[in-house]
Amino acid sequence: MDSSSGQQEFDYLFKLLMIGDSGVGKSSLLLCFTVDDFQDLSPTIGVDFKVKYVMMGGKKLKLAIWDTAGQERFRTLTSSYYRGAQGIIMVYDVTRRETFTNLSEVWAKEVDLYSTNPDCIRMLVGNKVDKEADRVVTKKEGMDFARECGCLFTECSAKTRVNVQQCFEELILKILDTPSLLAEGSKGVKKNIFKDKPSLSDSSTNGCC
Ligand SMILES: Nc1nc2c(ncn2[C@@H]2O[C@H](COP(=O)(O)OP(=O)(O)OP(=O)(O)O)[C@@H](O)[C@H]2O)c(=O)[nH]1
Ligand SMILES: [Mg+2]
């Protein structure tokens with residue numbers, strides 16, 4: 001997957017959303033994917049987003065990736081960002097079981113309630129596999145839950161970068177393979193993606209609301 005940050009031309013615009021409990025590493029995964037960096041980040045306040053341009057399947061793609069706060073006090077705000085997402089990444093921490101059980105208790109329910117796109121591709125991600133000694137959720141448990149929900153699945157580490165690029169790549173390839181999502185992401189309807197948030201600049205590389 002080739003990428004560059006200065007491009008403005010693109011064939012498709014895809015909206016991706018990251019959800020999951022606070023501290024599971026959503027912002028860290030996004031930082032790793034967009035700028036190949038790892039830092040000790042503060043909890044996200046409200047919603048953040050980043051834009052990344054990639055070349056995949058011979059197409060130029062503009063990815064608008066929304067990174068929501070996992071803290072419960074932001075839940076009402078973040079629920080509005082599910083609208084129009086073509087891909088949703090649900091993250092848990094393999095060393096904290098409650099972040100895994102909350103997938104069915106909280107996050108899958110949020111997706112059912114707020115996602116407007118029936119064909120939206122969902123990816124389940126078990127993060128922090130670098131902390132193998134502290135692992136409490138097995139890979140099989142993750143795979144079984146993903147199968148139950150009809151999600152893609154991967155385990156990765158934002159710290160060591162293992163599987164992070166592949167995670168996003170697999171999700172995007174699946175979106176590219178879904179005609180209804182491809183149609184939505186085509187240039188003709190790109191404005192719809194930002195329709196509900198008119199104050200955000202289309203040319204920003206990141207921002208916060
Ligand atoms: N060891 C390890 N630590 C990680 C990994 N990913 C994130 N962390 C750490 O986990 C903490 C939380 O990471 P964040 O990316 O801020 O988590 P978040 O899901 O965005 O949290 P909220 O914004 O509150 O929803 C930070 O201290 C990160 O450095 C990882 O793969 N391995
Ligand atoms: Mg965050």
Side-chain angles (χ1 to χ4, degrees), residues 15-52 63-82 85 87-111 113-115 122-139 141-143 145-146 149 151-171 197 200 204-209:
K15 175 181 176 180
L16 309 180
L17 183 73
M18 306 194 64
I19 59 173
D21 278 10
S22 182
V24 296
K26 299 178 295 297
S27 303
S28 302
L29 288 167
L30 187 52
L31 193 68
C32 179
F33 175 61
T34 52
V35 293
D36 197 25
D37 193 15
F38 179 77
Q39 296 167 13
D40 196 8
L41 301 172
S42 304
T44 304
I45 306 295
V47 179
D48 197 359
F49 86 100
K50 291 194 187 301
V51 168
K52 183 173 168 94
L63 308 174
I65 312 172
W66 296 83
D67 171 25
T68 63
Q71 288 179 33
E72 199 166 349
R73 63 195 170 113
F74 296 116
R75 210 60 60 76
T76 316
L77 170 77
T78 55
S79 62
S80 61
Y81 287 83
Y82 289 68
I88 298 181
I89 300 177
M90 297 193 287
V91 186
Y92 66 96
D93 176 347
V94 298
T95 72
R96 285 169 58 213
R97 179 157 294 276
E98 75 274 17
T99 68
F100 182 70
T101 51
N102 275 342
L103 291 170
S104 52
E105 298 291 323
V106 177
W107 299 109
K109 289 178 183 164
E110 296 260 310
V111 173
L113 269 177
Y114 301 118
S115 173
R122 288 167 299 158
M123 161 79 84
L124 181 66
V125 176
N127 188 37
K128 307 197 187 182
V129 291
D130 57 284
K131 295 167 77 178
E132 190 56 39
D134 299 327
R135 179 197 278 270
V136 293
V137 183
T138 65
K139 186 170 185 177
E141 285 178 288
M143 287 170 78
F145 184 69
C149 301
C151 299
L152 301 172
F153 174 70
T154 194
E155 285 190 339
C156 62
S157 166
K159 188 172 183 178
T160 63
R161 289 132 167 92
V162 72
N163 265 344
V164 177
Q165 297 292 326
Q166 292 90 329
C167 161
F168 283 90
E169 194 171 325
E170 194 182 342
L171 177 66
K197 306 289 159 201
L200 291 171
S204 301
T205 51
N206 66 61
C208 181
C209 352

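On a predicted model such as this, the values are computed, not experimentally measured, just so you know. Indexing begins at 1, ligand by ligand and atom by atom, following the structure's order.
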For Ala69, take its heavy atoms, then give the atoms of ligand 1 lying under 4.0 Å from any of them. 25 (O)

Looking at Phe38, which atoms of ligand 1 are within less than 4.0 Å of one of its heavy atoms? 3 (N), 4 (C), 5 (C), 6 (N), 7 (C), 8 (N), 29 (O)

When you measure from atom 30 (C) of ligand 1 to each heavy atom in Lys26, Lys128, Gln39, which option holds the nearest one? Lys128

Spacing of CD1 belonging to Ile88 relative to CG belonging to Leu152, to within rounding of 0.5 Å: 12.5 Å

Note: ligand 1 atoms sitting under 4.0 Å from heavy atoms of Ser28 are 6 (N), 7 (C), 13 (O), 14 (P), 15 (O), 28 (C)

Flag, side chain of Lys52 to backbone of Phe33, donor-acceptor distance under 3.5 Å: yes

Provide the number and element of each atom of ligand 1 under 4.0 Å from a heavy atom of Thr44. 22 (P), 23 (O), 24 (O)

Honestly, for Val24 the part within reach of ligand 1 (heavy atoms, under 4.0 Å) is both

Tell me whether Arg122 contacts the main-chain N or O of Met90 through its side chain, where contact means a donor paired with an acceptor under 3.5 Å. no

Minimum non-hydrogen distance to atom 17 (O) of ligand 1, winning option of Ser42, Ala158, Gly25: Gly25

With the threshold set at under 4.0 angstrom, would you say Asp21 reaches ligand 1 through any of its heavy atoms? yes

Checking salt bridge (Lys or Arg N to Asp or Glu O under 4.0 Å) between Glu155 and each of Lys131, Arg135, Lys128, which is the one that passes? Arg135

Please lay out, stage by stage, how Tyr82 and Ile19 fare under the test side-chain contact (heavy atoms from CB on, under 4.5 Å). CA-CA 10 Å; Tyr82 289 68; Ile19 59 173; 3.5 Å; yes

Enumerate the protein N/O/S atoms at a distance below 2.8 Å from the Mg ion (ligand 2), ignoring waters. Ser27 OG, Thr44 OG1

Quick check for you: to the nearest 0.5 Å, what is the distance between Leu103 atom CG and Phe145 atom CZ? 5.0 Å

Between CG of Leu29 and NZ of Lys159, what distance do you get to the nearest 0.5 Å? 13.5 Å

Counting heavy atoms only, which part of Leu29 comes closer than 4.0 Å to ligand 1: side chain, backbone, both or neither? neither

Tell me whether Asp93 contacts the main-chain N or O of Thr99 through its side chain, where contact means a donor paired with an acceptor under 3.5 Å. no

Sequence neighbours excluded, every pair satisfying salt bridge (charged side-chain N to carboxylate O under 4.0 Å, His left out) that has a member inside residues 17-26: none

Would you mind telling me if ligand 1 is within reach of the side chain of Lys131, the backbone, both or neither, using heavy atoms under 4.0 Å? side chain

Ser157 neighbourhood, listing ligand 1 atoms whose heavy-atom distance to it stays under 4.0 Å: 31 (O)

Answer yes or no: is there a side-chain heavy-atom contact under 4.5 Å between Leu63 and Phe168? no

Would you mind reporting whether Trp107 and Val91 have side-chain heavy atoms less than 4.5 Å apart? no

Salt-bridge criterion met for Asp67 and Lys50 (N-O under 4.0 Å): no

Between atom CH2 of Trp66 and atom OG1 of Thr78, what is the distance when rounded to the nearest 0.5 Å? 12.5 Å

Which option out of Pro43, Gly20, Gly70 puts a heavy atom nearest to atom 25 (O) of ligand 1? Gly70

Atom 27 (O) of ligand 1 has as its nearest protein heavy atom Asp40 OD1, 2.5 Å

Tell me the protein heavy atom at minimum distance from atom 24 (O) of ligand 1, and give that distance in Å. Ser22 OG, 2.6 Å

State the atoms of ligand 1, each with its element, that fall below the 4.0 Å cut-off from a heavy-atom position in Gly23. 10 (O), 12 (C), 17 (O), 18 (P), 19 (O), 21 (O), 22 (P), 24 (O)

With no hydrogens and no angle check, is any side-chain donor or acceptor of Asn127 less than 3.5 Å from a backbone partner on Val24? yes

Please list the nearest protein heavy atom to atom 6 (N) of ligand 1 with its residue and the distance rounded to 0.1 Å. Asn127 ND2, 3.1 Å

Enumerated ligand 1 atoms positioned under 4.0 Å from heavy atoms of Asp130: 1 (N), 2 (C), 30 (C), 31 (O), 32 (N)

